[in-house]
2 protein chains.
Amino acid sequence: MARPLSLVRLHRPTLGDDVYETLRSAVLEHILAPGDRVNIDALARELDVSPTPVREALARLESEGLLRKRPRAGYTVSPLLTVAEFNDMFDMRLLLECAAARWAAERATDEQCEELTAEAARTVEGGDDRTWHAAFTALDARLHDLVAELSASPLLRESINRLHSHLHLHRRYFPYDQTAITNDEHRVLAAAIRDRDPGRAEAAMRLHLIRARERHLVAFEE
Amino acid sequence: MARPLSLVRLHRPTLGDDVYETLRSAVLEHILAPGDRVNIDALARELDVSPTPVREALARLESEGLLRKRPRAGYTVSPLLTVAEFNDMFDMRLLLECAAARWAAERATDEQCEELTAEAARTVEGGDDRTWHAAFTALDARLHDLVAELSASPLLRESINRLHSHLHLHRRYFPYDQTAITNDEHRVLAAAIRDRDPGRAEAAMRLHLIRARERHLVAFEE
DNA sequence: AGTTCGTAGATCCTATAGGATCTTTCCTGG
DNA sequence: CCAGGAAAGATCCTATAGGATCTACGAACT
């Protein structure tokens, strides 16, 4: 007999899952900075757990590309991307996220379009630089994930999320003074999808990403 | 002082790495079949190792999507794709591999084109069904990976390889009697790339993939 | 016959310990 | 001063053990 989906959720996460989430956040929030050594025993002591769940969590994070492992010499946080890698990533973003926008315009339900429009209308105001920046990047990430969800392609959504993990390492270098323009670009994109115009949706996403690339590249020159 | 790259390779793989490779092959070769329970203790006994490296290897394979984990209830091999998932995967293949063909036509060196042409000229002959089939699927995978390599986008190549791991679960159902047509399609693709014609390369890859989709879908109807 | 409950055994998860390997520091010789 | 070697300490890796949880089976009840 098939297990009802709601009962699948009754499995509590293991300690290893908790360690994974903790470490993943630490990497994405630069508490563990790009290039840092990741000391298994020290982490186990700090988290007050044994090394076994730490090792499992690290193995997962390595498979996801956030950490690098040298056999018998341990793990380091993956470095920030070189300019070449960064450009490769944006080429991939253009490929994947333009497709997501196009497919979303073709496939999204009316309810989903309403949700996307509401999300694109959100702005972030106030707070100090750090909390404001965190809120903005969360908002941006949520909108992009929503578009990927509306594409109705789970594999595409997963690929985009995987790319975003790497991009997230760079987000702290995002220039703050470009966010109003970004908000406008989000709204143009959402309108094209709501209007069921794949061509316009793709063009809006392309423009948004090309602009985002330029904004990020400034940080490489500093 | 920076460590010379050649010395990085002197790190021998760990037992955990060996277990990972063994299990990955077991999944891709259906020795561990889709849907099978994966028993940690039994595997450790069978491989004559402790459970710790087994657990790490399993965590990595789960991150890659080849296994599924339920906390405290263990792992199973990911099931064969449903028709919907299969179609999603081919939509993704069309998106990624057509881009790879286009970029390869724009970016490959002359030497790389010679290598691709030679690879596309290869055929597999003789042997019993099982060894013949394994050799053909290896040849097909190698050609697709070579196109991805010639795209000069590491992220694209990695995404394609990730997709192929999943496709590989279905390869044993590939209809044997379509391989001569597949070989022809490979050669048309290689010629378009060698001729530096992105449009033709993309069209050749698209045709090849659409045909491959049809060939595979036959297996779902049986 | 079907359902529910309890128990036993299997399996999963994590802690601990010990050996192998790496890294860092210090000393010696040129 | 610099380079090489040795030793000590830190870290990584894996095995083992024990407790928690799950699964399967049998018995009892309706």
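This one's a predicted model, so the numbers in the text were calculated from it and none came from an experiment. Below, read A as the first sequence line, B as the second, and so on, with proteins coming before strands; counting in each chain starts at 1.
- Here the side chain of B/D140 pairs no donor or acceptor atom with the backbone of B/F136 at under 3.5 angstrom.
- Using a 4.0 Å heavy-atom cutoff across all strands shown, A/V38 reaches sugar-phosphate atoms only and no base atom.
- As a whole-Å value, the separation of A/L43 CG from D/dA10 C1' is 15 Å.
- B/T52 comes within contact range of at least one nucleobase, with a heavy-atom separation under 4.0 Å.
- By the 30° and 60° cut-offs, the orientation of the rings of B/H144 relative to B/H164 is tilted.
- Set against C/dT11, D/dT11, C/dC13, the side chain of B/R45 has C/dT11 as its closest nucleotide.
- Distance, B/L67 CG to C/dC12 P: 12 Å, rounded to whole Å.
- When the C1' atom of C/dT14 is taken as reference, atom CG of A/D48 falls 12 Å away, rounded to whole Å.
- Of all heavy-atom pairs spanning B/I31 and B/D36, the tightest one is O-OD2, 4.4 Å.
- Side-chain nitrogen and oxygen atoms of B/R70 include at least one within less than 4.0 Å of the OP1 or OP2 phosphate oxygen of D/dT23.
- In this structure, A/E56 places its CD atom 7 Å from P of C/dT14, rounding to the nearest Å.
- Considering only side-chain atoms of A/L15, the nucleotide from C/dT14, D/dA15, D/dT11 that sits closest is C/dT14.
- Side-chain N/O atoms of A/R37 include one lying less than 4.0 angstrom from OP1 or OP2 on D/dC12.
- Phosphate proximity of C/dT11 to B/R72: absent, as no side-chain N or O sits under 4.0 Å from OP1 or OP2.
- Rounded to 10 degrees, the angle separating the terminal helix axes of the helix from C/dA1-D/dT30 to C/dG30-D/dC1, each built from five base pairs, is 20°.
- Within the 4.0 angstrom heavy-atom criterion, only backbone atoms of the sugar-phosphate kind lie near A/P71; the bases stay farther away.
- Distance from the side chain of B/I40 is smallest for C/dC13 among the nucleotides C/dA15, D/dC12, C/dC13.
- Base engagement by B/D41 is indicated by at least one non-hydrogen atom pair under 4.0 Å involving a base atom.
- Using a 4.0 Å heavy-atom criterion, one finds that A/V19 contacts no nucleic acid atom at all.
- When rounded to the nearest whole Å, the span between CZ of B/R60 and C1' of D/dC13 equals 14 Å.
- In this structure, the side chain of A/S78 engages the main chain of A/G65 through a donor-acceptor pair within 3.5 Å.
- Residue A/S50 has a polar side-chain atom (N or O) positioned under 4.0 Å from OP1 or OP2 of C/dA15.
- For the pair A/D18 CG and C/dC13 P, the computed distance is 13 Å after rounding to whole Å.
- For A/R12, the listed nucleotide lying nearest its side chain is D/dT21; candidates were D/dT21, C/dT23, D/dA15.
- Judged by the 6.0 Å and 45° rule, A/R60 forms a cation-pi pair with A/Y20.
- Under the 4.0 Å criterion applied to side-chain N and carboxylate O atoms, B/R122 and B/E119 are assigned as salt-bridge partners.
- We find that A/R107 and B/D91 are joined by a salt bridge, their nearest charged nitrogen and carboxylate oxygen being less than 4.0 Å apart.
- Residues satisfying the side-chain contact (heavy atoms from CB on, under 4.5 Å) criterion with A/R72, sequence neighbours excluded, are B/R12, B/T14.
- Taking every side-chain heavy atom of A/V49 into account, C/dA15 is the closest of C/dA15, D/dC13, C/dC22.
- Look at A/R55 and you won't find any side-chain N or O under 4.0 angstrom from OP1 or OP2 of D/dC12.
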